[in-house]
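In what follows, a single structure is set out as structure tokens and then discussed.
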Protein chains: 2
Amino acid sequence: MKQDISKIADKISYIQNTLSVVNGKWKLPILLSMYSGISRFRDLQRNIPNITTRVLSKELKDLEGNKLIVRIVHDTYPVSIEYKLTPHSHSLTPLVDEMIKWGKQYKEK
Amino acid sequence: MKQDISKIADKISYIQNTLSVVNGKWKLPILLSMYSGISRFRDLQRNIPNITTRVLSKELKDLEGNKLIVRIVHDTYPVSIEYKLTPHSHSLTPLVDEMIKWGKQYKEK
DNA sequence: CCGAATCCAATATGATACTG
DNA sequence: CAGTATCATATTGGATTCGG
């Protein structure tokens, strides 16, 4: 049952890596929305209950900084902006799915 | 590709359920330590780098409030206190494992 | 040893208004 | 449409001290 302490320390540090990328109330809901095909600021805000523009803006920048999404400016008139997932971001889908699964069954208690 | 918006809303709300239980820097590292067999306050603090007594104390209360752990007072002298996982808490292991897995491969980039 | 209490700093989140 | 600016509140983190 007991495990090597040094391995536990490694695992804790891996968890903290993950948390440093997806921590907070909003990043995973944003990613889920984007997995579902939503790519515009306005649409994301409409789709995610109670998120404010200020928070959405900050979170998108964080996600961009961690290379999970890219911000694309279309040179139209007026300018339109699209947020797209990077290939790397799809590696998070198992985690997101587990979150959904657990939250669903937890609610049922 | 596009999904029914109402289903997305449900999924977001499930994710938020999960986050309401495990959000923050420390709860998953604490659970991981406990999965590994650590059950005493002092040992948890030693095992989780940089956590303070104040934060550990608060997080343990939160986890207890969400029925993931129980606090057992042994009537010895001096009193010894043991934190134990509830059966319910084990339903989180797939999520924790995903966190470890993702954090590990992320680090390698 | 196992925390609780206190005080304070730093972040995260939220409400609202406004701009190119 | 896609944000920024400003202000306010809430939550989290940290240092230290204290009591059973």
Side-chain angles (χ1 to χ4, degrees), chain A residues 12-13 15-34 37-66 68-85 99, chain B residues 12-13 15-31 33-34 37-66 68-85:
Chain A
I12 289 176
S13 121
I15 290 177
Q16 288 173 335
N17 284 344
T18 304
L19 290 174
S20 73
V21 175
V22 301
N23 203 11
K25 278 176 69 173
W26 301 112
K27 291 191 183 67
L28 292 175
I30 290 169
L31 287 173
L32 173 65
S33 298
M34 294 185 68
I38 298 172
S39 61
R40 309 279 301 264
F41 190 96
R42 195 69 170 172
D43 294 333
L44 286 167
Q45 190 177 10
R46 264 196 287 263
N47 198 245
I48 303 169
N50 301 118
I51 196 167
T52 62
T53 60
R54 181 190 182 294
V55 170
L56 179 55
S57 175
K58 176 190 169 295
E59 298 292 73
L60 288 171
K61 275 178 191 157
D62 288 349
L63 291 170
E64 195 186 358
N66 283 316
L68 295 180
I69 65 176
V70 288
R71 181 177 187 272
I72 298 170
V73 181
H74 291 288
D75 197 10
T76 53
Y77 181 79
V79 168
S80 72
I81 293 174
E82 185 189 8
Y83 292 95
K84 292 195 63 173
L85 295 163
M99 285 262 176
Chain B
I12 288 177
S13 122
I15 290 178
Q16 288 173 335
N17 285 343
T18 303
L19 289 174
S20 73
V21 176
V22 301
N23 201 13
K25 278 176 70 172
W26 302 111
K27 291 193 184 65
L28 292 176
I30 290 169
L31 287 173
S33 298
M34 293 186 67
I38 298 172
S39 62
R40 309 281 302 265
F41 190 95
R42 198 67 170 172
D43 294 333
L44 287 167
Q45 192 177 8
R46 263 195 288 263
N47 198 245
I48 302 168
N50 301 119
I51 196 168
T52 62
T53 63
R54 182 191 184 291
V55 171
L56 179 54
S57 176
K58 176 190 169 295
E59 298 292 73
L60 288 170
K61 273 179 193 156
D62 288 349
L63 291 170
E64 195 186 357
N66 283 316
L68 295 180
I69 64 175
V70 288
R71 182 176 186 271
I72 298 169
V73 181
H74 292 287
D75 197 10
T76 53
Y77 181 79
V79 168
S80 72
I81 295 173
E82 185 188 8
Y83 293 94
K84 291 194 64 175
L85 294 164

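Below, all heavy atoms of this structure are taken into account, side chains as well, without hydrogens, waters or symmetry copies. Just so we're on the same page: letters track the sequence lines, and every chain starts at 1. Everything numeric here is computed off the predicted structure, so don't read it as measured data.
With rounding to whole Å, B:Asp75 atom CG is found 16 Å from C:dC1 atom C1'. Rounded to whole Å, atom C1' of D:dG13 lies 13 Å from atom CD of A:Gln16. With rounding to whole Å, A:Glu82 atom CD is found 12 Å from D:dG3 atom P. Rounded to a whole Å, the CG atom of A:Leu63 is 13 Å from the P atom of C:dA12. Spacing between atom CG of B:Leu56 and atom P of D:dA15 amounts to 15 Å, rounded to whole angstrom units. In this structure, the CD atom of B:Glu59 is 15 Å from the C1' atom of C:dG3, given to the nearest Å. Computed from coordinates, the A:Leu60 CG to D:dA2 P distance equals 11 Å when rounded to whole Å. The distance from atom CG of B:Asn50 to atom P of D:dG13 is 12 Å, rounded to the nearest whole Å.
Across all their heavy atoms, A:Met34 and A:Tyr83 have their closest contact at CE-O, 3.3 Å. Minimum interatomic distance between B:Ser33 and B:Asn47 (heavy atoms only, all atoms of both residues): OG-OD1, 3.2 Å. In plain terms, the two heavy atoms of B:Leu56 and B:Phe41 that are nearest each other are CD2-O, 3.6 Å. Closest heavy-atom contact between A:Leu19 and B:Lys25: CD1-O, 3.7 Å.
Comparing C:dG3, C:dA15, D:dG3 against the side chain of A:Thr52 picks out C:dA15 as the nearest. Distance from the side chain of B:Lys61 is smallest for C:dA4 among the nucleotides C:dA4, D:dG14, C:dT13. Taking the side chain of A:Arg42 as heavy atoms from C-beta on, and the options D:dC1, D:dT12, C:dG14, the nearest nucleotide is D:dC1. Among D:dT16, D:dA2, C:dA17, the nucleotide with an atom closest to any side-chain atom of A:Arg40 is D:dA2.
The side chain of A:Lys25 contributes no N or O atom lying less than 4.0 Å from OP1 or OP2 of D:dT11. Between B:Trp26 and D:dT11 there is no side-chain polar atom (N or O) within less than 4.0 angstrom of OP1 or OP2.
Counting any heavy atom pair closer than 4.0 Å across all strands shown, B:Arg71 reaches sugar-phosphate atoms only and no base atom. Across all strands, A:Gly24 comes closer than 4.0 Å only to sugar-phosphate atoms, never to a base (heavy-atom distances). Contacts of B:Tyr83 with the nucleic acid, taken as non-hydrogen atoms under 4.0 Å apart, involve only primed sugar atoms and P, OP1 or OP2.
When side chains are defined from C-beta on, B:Ile51 counts as touching B:Ile30, because their heavy atoms get closer than 4.5 Å.
Evaluation of atom-type donor-acceptor distances gives no pair under 3.5 Å for the side chain of A:Arg54 against the base of D:dT4. For A:Ser57 and D:dT4, a side-chain-to-base donor-acceptor distance below 3.5 Å is absent, hydrogens and geometry of angles not being considered.
Taking the nucleotide of DNA chain D with the nearest heavy atom to each of A:Val79 and B:Asn23, the more 5' of the two is matched to A:Val79.
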